[in-house]
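Taking it in order: structure first as structure tokens, then the write-up.
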Amino acid sequence: MALIVISGYSDFDYVKAGLKQGAVNYLKKPIDTDELVEALQSAIEHIEKQKNYQQMADLAMQAQTRALLQSTDTQNGKNLMQKLQISRDQNIRLIGILNSKPPMELVAYLQMMTTVKGSF
């Protein structure tokens, strides 16, 4: 969702408050039709950029997970254990899901497990 603030007030505090809430634009009343169309087109472009960014982030996370799970480099395993604060004495299991969107039920289950140190 892209937020466009529309207000009859010219006080900059309203503009600032809107931007703090994540607004992508601020329009002052009365609104010019061309200005509104331009703001809507800009908001649509903003949404598309955010979707593309999220897809790239998901792919990067998937590639990083795949590389970690397929690595024979013991240093990667040590780094992961340090990051998750796991000692060598602990019995651990690593579940790798190479789907960028794991089922929400599984994510919720892993988050509620006290024995799970981390999930992504």
Side-chain angles (χ1 to χ4, degrees):
M1 177 172 69
L3 177 65
I4 299 173
V5 176
I6 299 173
S7 176
Y9 297 104
S10 58
D11 188 351
F12 184 72
D13 287 339
Y14 290 105
V15 175
K16 196 163 98 174
L19 294 175
K20 280 186 177 181
Q21 296 299 317
V24 296
N25 208 333
Y26 180 92
L27 301 177
K28 188 174 179 291
K29 292 179 186 176
I31 301 170
D32 177 62
T33 305
D34 292 337
E35 186 179 16
L36 177 61
V37 168
E38 185 179 314
L40 291 171
Q41 287 172 338
S42 177
I44 290 168
E45 288 174 12
H46 176 79
I47 290 169
E48 289 302 316
K49 283 180 185 177
Q50 289 295 340
K51 283 182 186 178
N52 289 339
Y53 175 79
Q54 187 60 50
Q55 286 176 335
M56 295 300 286
D58 289 346
L59 289 173
M61 178 62 81
Q62 185 178 5
Q64 185 178 18
T65 303
R66 180 174 282 120
L68 178 64
L69 294 175
Q70 293 175 344
S71 175
T72 57
D73 182 6
T74 56
Q75 186 62 40
N76 278 338
K78 288 177 186 175
N79 290 341
L80 178 63
M81 289 177 69
Q82 288 171 348
K83 186 176 181 180
L84 297 177
Q85 299 175 344
I86 298 170
S87 73
R88 286 195 165 293
D89 301 334
Q90 290 176 296
N91 186 11
I92 64 166
R93 290 174 183 84
L94 178 62
I95 300 172
I97 300 172
L98 301 180
N99 182 341
S100 61
K101 299 282 187 194
M104 292 308 297
E105 297 83 12
L106 177 59
V107 172
Y109 174 75
L110 290 174
Q111 288 173 344
M112 96 177 176
M113 296 294 294
T114 57
T115 55
V116 174
K117 293 284 189 177
S119 64
F120 49 90

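Just so you know, these numbers use all the heavy atoms, side chains as well, and skip hydrogens, waters and symmetry mates.
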Do Val15 and Val5 share a hydrophobic cluster (ILVMFWY, side-chain heavy atoms under 4.5 Å, transitive)?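 Cluster IDs for Val15 and Val5 match.
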Ile31 with Val24, same ILVMFWY side-chain cluster at under 4.5 Å: yes
Could you grab the distance from atom CG of Asn52 to atom CD1 of Ile47, nearest 0.5 Å is fine? 12.0 Å
Tell me, please, which residues at least two apart from Lys29 pass salt bridge (Lys or Arg N to Asp or Glu O under 4.0 Å). none
Considering residues at least two apart in sequence or located in another chain, which fulfil the side chain to side chain contact (heavy atoms under 4.5 Å, CB included) criterion with Lys49?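 By the side chain to side chain contact (heavy atoms under 4.5 Å, CB included) rule, Lys49 matches no residue at all.
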Can I get a per-line list of side-chain donor-acceptor pairs under 3.5 Å for residues 34-42, giving both atom names and the distance, sequence neighbours left out?
none

Which heavy atom of His46 sits nearest to which heavy atom of Ala2, and what is that distance?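 Closest approach of His46 to Ala2: CD2-CB, 4.2 Å.
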